[in-house]
Amino acid sequence: MRIATWNVNSLKVRLPQVLDWLLEQEKAETPIDALCLQELKMPDDKYPLAELESAGFHSVFTGQKTYNGVAILARNATMATPADVVRNIPGYDDPQQRVVAATYGDVRLVCAYFPNGQAPDSDKFTYKLGWLQAMTAWLQAEMAKYPKLALLGDFNIAPEDRDVHDPKKWEGQNLVSPPERDAFKALQALGLADAFRLFEQPEKSFSWWDYRMFAFRRNAGLRIDHILLSPALRDVCHACVIDRVPRTWEQPSDHTPVVATLATGA
DNA sequence: ATGGCTTCGTTTCGAAGA
């Protein structure tokens, strides 16, 4: 099973790229079985269900106008009907649509768009830390229920200095600050492993580059999009890569996909 | 250098992203 995450920064704008990318994976015989999307930026009635269905993918999603919105696309040919669909963090009252989860066979996929946080001294940062705490508590219960669990998404946290193009310049700032990194470690302490770091990787591997200042050309990026795996899935993970190609396309998202390959037997 | 770029809303620029 190949699973992926991609913050598309507007599904309306990026739908053709999502379809192109999925089709290319099919042609390369490395089909994506499940793709988690973040920042749909559209209400549910604008979700391109039919187009994705024609491309061979069914969806679970939760959207909102202008901001946020998440979806899990699953390949009809290989993926079971989603069960136990959950939208948002149960018991955590939040109008922002940032989480959707579903079970495919015995694999639980959690797609999340973590709050940005804006700046460590802002109200949005306080919201980010509270959200992270609620997410961590809920995931602990989810992992007890579903041993084969993957958490995919835009975490808006660069876990270590090697995930930052210029650690000195970024020190203490939003996305890299100690409280955020501690929250990431709390997720790891649940037993969730950073799939990307299970393997040897090129130096300066990033998943996001600012649109400004030719950041992609200079590889001035951050690794903030992640796939975290429960022990049962970590043990069967064969590869995890960042696919930089969509970031090279015309009118790209500022994020690029992260892909993990699992030997689930399905 | 609080800029730089992109998206959305309903604008004729502001907010937000990261």
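Remember, predicted model here, so these are calculated numbers, not experimental data. Atom set for the values below is all heavy atoms of this structure, side chains included, hydrogens, waters and symmetry mates excluded.
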Chemist: Considering only the P atoms, how many Å lie between dG14(B) and dG4(B), rounded to the nearest integer?
Modeler: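 Looking at atom P only, dG14(B) and dG4(B) are 12 Å apart.
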Chemist: Spell out yes or no: do the side chain of N156(A) and the base of dA18(B) have one donor N/O and one acceptor N/O closer than 3.5 Å?
Modeler: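 Counting by modelled atom types and ignoring angles, no donor-acceptor contact under 3.5 Å is found here.
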Chemist: Starting at the 5' end of DNA chain B, which residue's closest nucleotide do you reach first, T66(A) or K124(A)?
Modeler: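 Of the two residues, T66(A) wins.
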Chemist: Hey, does the side chain of H255(A) come within less than 4.0 Å of dG17(B)'s phosphate (OP1/OP2), counting only N and O?
Modeler: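 Result: no.
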Chemist: Check the distance between dA16(B)'s C1' and D210(A)'s CG and give it to me in whole angstrom.
Modeler: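 Going from D210(A) (CG) to dA16(B) (C1'), I get 13 Å.
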Chemist: May I ask you to evaluate whether N7(A) reaches the phosphate of dA18(B), defined as a side-chain N or O under 4.0 Å from OP1 or OP2?
Modeler: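 Yes, such a contact exists.
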Chemist: Just the rounded figure in Å: distance from P of dC8(B) to CG of L40(A).
Modeler: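 Going from CG in L40(A) over to P in dC8(B) covers 12 Å.
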Chemist: Rounded to whole Å, how long is the line connecting atom NZ of K12(A) with atom C1' of dG9(B)?
Modeler: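 Rounding to the nearest Å, NZ of K12(A) and C1' of dG9(B) are 11 Å apart.
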Chemist: Please state the C1' separation for the pair dA18(B) and dT2(B) - nearest whole angstrom.
Modeler: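 Rounded to whole Å, the distance is 14 Å.
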Chemist: Do R75(A)'s NZ or CZ and the ring of F57(A) fall within the cation-pi criteria of under 6.0 Å and 45°?
Modeler: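 Judged by the rule (NZ or CZ under 6.0 Å from the ring centre, within 45° of its axis), R75(A) is not positioned above F57(A).
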Chemist: Do F155(A) and L228(A) have side-chain heavy atoms sitting under 4.5 Å apart?
Modeler: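 Side chain of F155(A) against side chain of L228(A), heavy atoms only: contact under 4.5 Å found.
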Chemist: Identify the residue among D254(A), D243(A), T256(A), D225(A) that makes a side chain to side chain donor-acceptor pair (under 3.5 Å) with S207(A).
Modeler: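 Result: among D254(A), D243(A), T256(A), D225(A), D225(A) is the only option passing the side chain to side chain donor-acceptor pair (under 3.5 Å) with S207(A).
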Chemist: How far does the C1' atom of dA15(B) sit from the matching atom of dT10(B), given to the nearest Å?
Modeler: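 dA15(B) and dT10(B) have their C1' atoms separated by 13 Å.
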Chemist: State which of dC8(B), dC5(B), dA16(B) makes the closest approach to the side chain of Y67(A).
Modeler: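 Of all the options, the side chain of Y67(A) is nearest to dA16(B).
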Chemist: Return the value, rounded to whole Å, for the distance between atom CZ of R218(A) and atom C1' of dG4(B).
Modeler: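 Rounded to whole Å, this separation is 10 Å.
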Chemist: Across the strands shown, which category fits Q173(A) at heavy-atom distances under 4.0 angstrom: base, sugar-phosphate, nothing?
Modeler: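 No contact at all - Q173(A) keeps every heavy atom at 4.0 Å or more from the nucleic acid.
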Chemist: Mind calculating the distance between NZ (K46(A)) and P (dC8(B)) to the nearest angstrom?
Modeler: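 Whole-Å distance recorded here is 12 Å.
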Chemist: Once you round it to whole Å, what is the distance between P of dA18(B) and CD of E39(A)?
Modeler: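 It is 5 Å, rounded to the nearest whole Å.
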Chemist: Quick check: are there more than 12 heavy atoms from other residues, nucleotides or ligands sitting under 6.0 Å from CD of Q133(A)?
Modeler: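 Counting neighbours around CD of Q133(A), 12 or fewer heavy atoms of other residues, nucleotides or ligands fall under 6.0 Å, so no.
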Chemist: In whole Å, what separates the C1' atom of dT11(B) from that of dA16(B)?
Modeler: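 One C1' to the other, the span is 16 Å.
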Chemist: dT6(B), OP1 or OP2 - any side-chain N/O from N9(A) closer than 4.0 Å?
Modeler: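 It does not, given that no N or O in the side chain of N9(A) lies less than 4.0 Å from OP1 or OP2 of dT6(B).
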Chemist: Contact class for Y113(A) (heavy atom, under 4.0 Å): base, sugar-phosphate, or nothing?
Modeler: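 Y113(A): backbone/sugar contact only, no base atoms under 4.0 Å.
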Chemist: When you get a sec, tell me which of dA18(B), dT7(B), dC8(B) is the closest nucleotide to the side chain of Q251(A)?
Modeler: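 The closest nucleotide is dT7(B).
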Chemist: Counting C-beta onward and ignoring hydrogens, is there a side-chain heavy-atom pair between V99(A) and Y113(A) closer than 4.5 Å?
Modeler: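 Heavy-atom side-chain distance check fails, nothing below 4.5 Å.
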Chemist: Would you mind reading off the distance between R14(A) atom CZ and dC5(B) atom C1', rounded to a whole angstrom?
Modeler: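 Answer to the nearest Å: 12 Å.
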Chemist: Using heavy-atom distances to pick each residue's nearest nucleotide on DNA chain B, tell me which of K41(A) and M213(A) is more 5'.
Modeler: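 So the residue in question is M213(A).
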Chemist: Please confirm whether R218(A) makes a cation-pi placement over F214(A), using NZ or CZ under 6.0 Å from the six-membered ring centre and within 45° of the ring normal.
Modeler: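 No, a cation-pi geometry is absent between R218(A) and F214(A).
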Chemist: Measuring to OP1 and OP2 of dA18(B), would you say a side-chain N or O of R212(A) lies under 4.0 angstrom away?
Modeler: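 For dA18(B), OP1/OP2 do not have a side-chain N/O of R212(A) under 4.0 Å.
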Chemist: Between dT6(B) and dA1(B), how far apart are the two P atoms, rounded to whole Å?
Modeler: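 Going atom to atom, P in each nucleotide, I get 25 Å.
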Chemist: Without decimals, in angstroms, what is the distance between R247(A) CZ and dA18(B) P?
Modeler: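 Going from CZ in R247(A) over to P in dA18(B) covers 13 Å.
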Chemist: What's the closest nucleotide to the K65(A) side chain, out of dG17(B), dG9(B), dA16(B)?
Modeler: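 Among dG17(B), dG9(B), dA16(B), the one nearest the side chain of K65(A) is dG9(B).
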Chemist: According to a strict under-4.0 Å criterion, is Y211(A) in side-chain N/O contact with OP1 or OP2 of dA16(B)?
Modeler: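 Checking Y211(A) against dA16(B): no side-chain N or O falls below 4.0 Å of OP1 or OP2.
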